[in-house]
Peer 1: 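The following block contains the structure, expressed as structure tokens.
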Amino acid sequence: MRIVHVDQIIETVAKLCWEACYYLPEDVLAGFRRAEKTEASPIGKTILQQLLENAEEAKVNHMPYCHDTGMAVVFVEVGQDVHITGGNFLDSIQEGVRTGYREGYLRKSVVGDPLIRVNTGDNTPAVVHTEIVPGDQIKFTVLPKGGGSENMSAMKFLLPGEGMQGVKNFVLQTIKEAGGKACPPVVVGVGIGGSFDKVTSLAKHAVLREIGVHHHEPHIAQLEKELLEEINNTGIGPQGLGGTSTALWVPIETYACHITALPVAVNIQCHAARKKTAVL
Amino acid sequence: MAEYRLKTPLTDEDIQMLQIGDQVLLTGTIYMARDAAHKRMVDLLESGQSLPVNLRGEVIFYAGPCPPKPGQIIGPVAPTTAYRMDPYAPAMYEYGVKGTIGKGPRREMVKEACKQYGAISFAAVGGLSTILSRRVTDVEVVAYEDLGPEAIRRLEVEDFPLLVAYDAHGQDLYEQEIAKYENYNKNANKGVGI
């Protein structure tokens, strides 16, 4: 058994919040560079160049790449041999987010009650997904999720017989409806299978996968390739101002499901595809 | 697709001259307001009351910045998604707002309002926040301070880079440009993506 004090959790989560917002991951930057080379629209090409410049400036000056520093989504994998001391585990994650957003000069974009809508002032509460796994470590991943792209995400129960084509149609329809509103070039996280709650979680987890890495199942990898091609043929382009770079990647995650069901969820991630992981 | 350097307030001649796709470097005073501030302002307009800030003839930037670090004028800032302000935009243009700055396509009602009232809906690049913040030379909260990042702010900007997305002649840049690239790679018979 390994002992971890909550102060270590607070410090780790706080650092992940601002690091994620300041430094865009290398796989995303590589995606921008590839898109910039192939983009057919002059407006689109200029936008991709500007995004690369913006990322460089953010990195050099230690500033948020995008002003929408999101609602913090925190994925935690807790080793079953870890014992947490010094306080409440979930409270320590919220305190980490509170500290990170304050000390990192990140925008506070959370309202406490969805209908009364008063800003909580410290960007808490975060959305926390906790999983118990083997081992004696804790793995934290912070995904600061911007509102514009999250708003364009969608979920649907297809008929089982609609199969592969049904999934493609729904993903394409969701992307077309989102258009420039989701801040493309986007990463299109897709969940297929599971239940009502599981499928959206799959789509969200898919967004965390590194750009350039396909699903291990050949038929899903093939679907990812075909969807990427079809999404980039919609013409939407960077910022929805036309072009051939609408999506950087289409990661798909799947799960078993009921004999009656074929749930599909699409979680759209804007070009500020931020994610940062640390292990304690 | 021409390039212009313009100063606020925009004149009616400026507005009639601008066409979709034109690039504008805007200098002068603009006002920042987004979702919550628009809801309050349109409620006031509908009940015949005056706004907390006179926005007649002005340009509204749909945005909410990050807090500034010590020594900075403003934190990173770029436009938010414009379509969420669509339900409020016709009332604001009717009131006298001459331009709005946002990102992403808008609904027919906004296209119509720009034509009817002689106004522009500009696009700036969403998420270009570090770069755009350097074009802001001054900022002051002028109303609804309780809204935090959603408060109304008066900004002084210099050469703020914009594209004309919807002009006063009823044209739509998004529609025009997307049509050019639909099935572009399929037609060119080559692969896409990475």
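A quick note: this is a predicted structure, and the numbers were derived from the prediction, not measured. Letters A, B, ... are given to chains in the order of the sequence lines, protein chains preceding strands, and every chain is numbered from 1.
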Peer 1: If you count every heavy atom of other residues, nucleotides or ligands that lies below 6.0 Å from B:Lys39 atom NZ, does the total exceed 12?
Peer 2: no

Peer 1: Side chain, backbone, both or neither: which part of B:Lys180 has an atom under 4.5 Å from a heavy atom of chain A?
Peer 2: neither

Peer 1: Look at B:Arg5 together with B:Asp159 and state whether they make a salt bridge at an N to O cut-off of under 4.0 Å.
Peer 2: yes

Peer 1: Among the options B:Ala123, B:Gly126, B:Ser133, pick out the one with the most heavy-atom pairs lying under 4.5 Å from chain A.
Peer 2: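 Going by pairs under 4.5 Å, I would pick B:Gly126.
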
Peer 1: Taking side chain as everything from C-beta outward and backbone as N, CA, C, O, which of these in B:Arg106 sits under 4.5 Å from a heavy atom of chain A? Side chain, backbone, both or neither.
Peer 2: neither

Peer 1: When only pairs under 4.5 Å are counted, which of A:Gly148, A:Ser245, A:Cys270, A:Gly240 shares the most heavy-atom pairs with chain B?
Peer 2: A:Gly240

Peer 1: Is A:Arg274 salt-bridged to A:Asp68, going by a charged N under 4.0 Å from an acidic O?
Peer 2: no

Peer 1: Check whether more than 12 heavy atoms from other residues, nucleotides or ligands sit under 6.0 Å from atom CD of A:Glu19, and answer yes or no.
Peer 2: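 Yes, the 6.0 Å shell around CD holds more than 12 heavy atoms from other groups.
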
Peer 1: Heavy-atom distance under 4.5 Å to chain B: side chain of A:Tyr101, backbone, both or neither?
Peer 2: neither

Peer 1: Between B:Pro161 and chain A, with a heavy-atom cut-off of 4.5 Å, which part of the residue counts as in contact: side chain, backbone, both or neither?
Peer 2: neither

Peer 1: Would you confirm whether the ring centroid of B:Phe160 sits within less than 6.0 angstrom of the ring centroid of B:Phe61?
Peer 2: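 They qualify: ring centres under 6.0 Å apart.
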
Peer 1: Between B:Lys98 and B:Glu58, does a salt bridge (Lys or Arg N to Asp or Glu O under 4.0 Å) hold up when you go through it step by step?
Peer 2: CA-CA 6 Å; B:Lys98 287 293 168 191; B:Glu58 304 291 352; over 6 Å; no

Peer 1: What option among A:Cys183, A:Ala55, A:Pro184, A:Pro238 has the most heavy-atom pairs under 4.5 Å with chain B?
Peer 2: A:Cys183

Peer 1: I'd like to know if B:Glu140 and B:Arg154 make a salt bridge, using a cut-off of under 4.0 Å between side-chain N and carboxylate O.
Peer 2: yes

Peer 1: Among A:Lys225, A:Arg117, A:Lys108, A:Lys37, single out the residue with the greatest number of heavy-atom pairs under 4.5 Å to chain B.
Peer 2: A:Lys108

Peer 1: Kindly say whether A:Pro64 contributes a backbone atom to a donor-acceptor pair with the side chain of A:Trp18 at under 3.5 angstrom?
Peer 2: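 The answer is no, because no donor-acceptor pair under 3.5 Å joins these two groups.
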
Peer 1: For B:Gln23, which atoms come within 4.5 Å of any heavy atom of chain A: side chain, backbone, both, or neither?
Peer 2: neither

Peer 1: Flag yes if more than 12 heavy atoms outside B:Lys111 fall under 6.0 Å of its NZ atom; otherwise flag no.
Peer 2: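 Count over threshold, so yes.
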
Peer 1: Does the plane of the ring in A:His271 sit parallel, tilted or perpendicular to the ring in A:Phe32? Use 30° and 60° as the thresholds.
Peer 2: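 Ring orientation, 0 to 90° scale: perpendicular.
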
Peer 1: Top residue by heavy-atom pair count (under 4.5 Å) with chain A, among B:Ala179, B:Ala78, B:Pro68, B:Gly21?
Peer 2: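 Most heavy-atom pairs under 4.5 Å with chain A: B:Ala78.
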
Peer 1: If you measure from the Lys or Arg side-chain nitrogens to the Asp or Glu carboxylate oxygens, is any gap between B:Lys186 and A:Glu229 under 4.0 Å?
Peer 2: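 Judged by the 4.0 Å cut-off on N to carboxylate O distance, B:Lys186 and A:Glu229 do not form a salt bridge.
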
Peer 1: Is chain B contacted by the side chain of A:Ala272, its backbone, both, or neither, given a heavy-atom distance below 4.5 Å?
Peer 2: neither

Peer 1: Would you mind checking which part of A:Thr234 comes under 4.5 Å of any heavy atom in chain B, side chain (CB onward), backbone (N, CA, C, O), both or neither?
Peer 2: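 Backbone only.
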
Peer 1: Identify whether the distance between the nearest side-chain nitrogen and carboxylate oxygen of A:Glu253 and A:Arg209 falls below 4.0 Å.
Peer 2: yes

Peer 1: Can you tell which part of A:Ile231 gets under 4.5 Å to a heavy atom of chain B, answering side chain, backbone, both or neither?
Peer 2: neither

Peer 1: Checking A:Pro42 against chain B: side chain, backbone, both or neither under 4.5 Å from a heavy atom?
Peer 2: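 Looking at A:Pro42, backbone and side chain both touch chain B.
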
Peer 1: Go through the atoms of B:Pro105 and report whether side chain, backbone, both or neither lie under 4.5 Å from a heavy atom of chain A.
Peer 2: both

Peer 1: If every non-hydrogen atom of A:Asn123 is compared with every non-hydrogen atom of A:Thr120, which pair is closest and at what distance?
Peer 2: N-OG1, 3.7 Å

Peer 1: Top residue by heavy-atom pair count (under 4.5 Å) with chain A, among B:Pro65, B:Gly75, B:Gly64, B:Gly148?
Peer 2: B:Gly64

Peer 1: Where does B:Thr130 contact chain A at under 4.5 Å (heavy atoms): side chain, backbone, both or neither?
Peer 2: both

Peer 1: Among the options A:Asn119, A:Ile47, A:Leu106, pick out the one with the most heavy-atom pairs lying under 4.5 Å from chain B.
Peer 2: A:Leu106

Peer 1: Counting only heavy atoms closer than 4.5 Å, note whether B:Leu163 contacts chain A via side chain, backbone, both or neither.
Peer 2: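 The answer is the side chain of B:Leu163.
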
Peer 1: Considering only heavy atoms and a distance below 4.5 Å, find which of B:Ala165, B:Ala36, B:Ala82, B:Pro149 pairs most often with chain A.
Peer 2: B:Pro149

Peer 1: When only pairs under 4.5 Å are counted, which of B:Asp146, B:Val77, B:Leu147 shares the most heavy-atom pairs with chain A?
Peer 2: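 With the most close heavy-atom pairs to chain A, the winner is B:Val77.
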
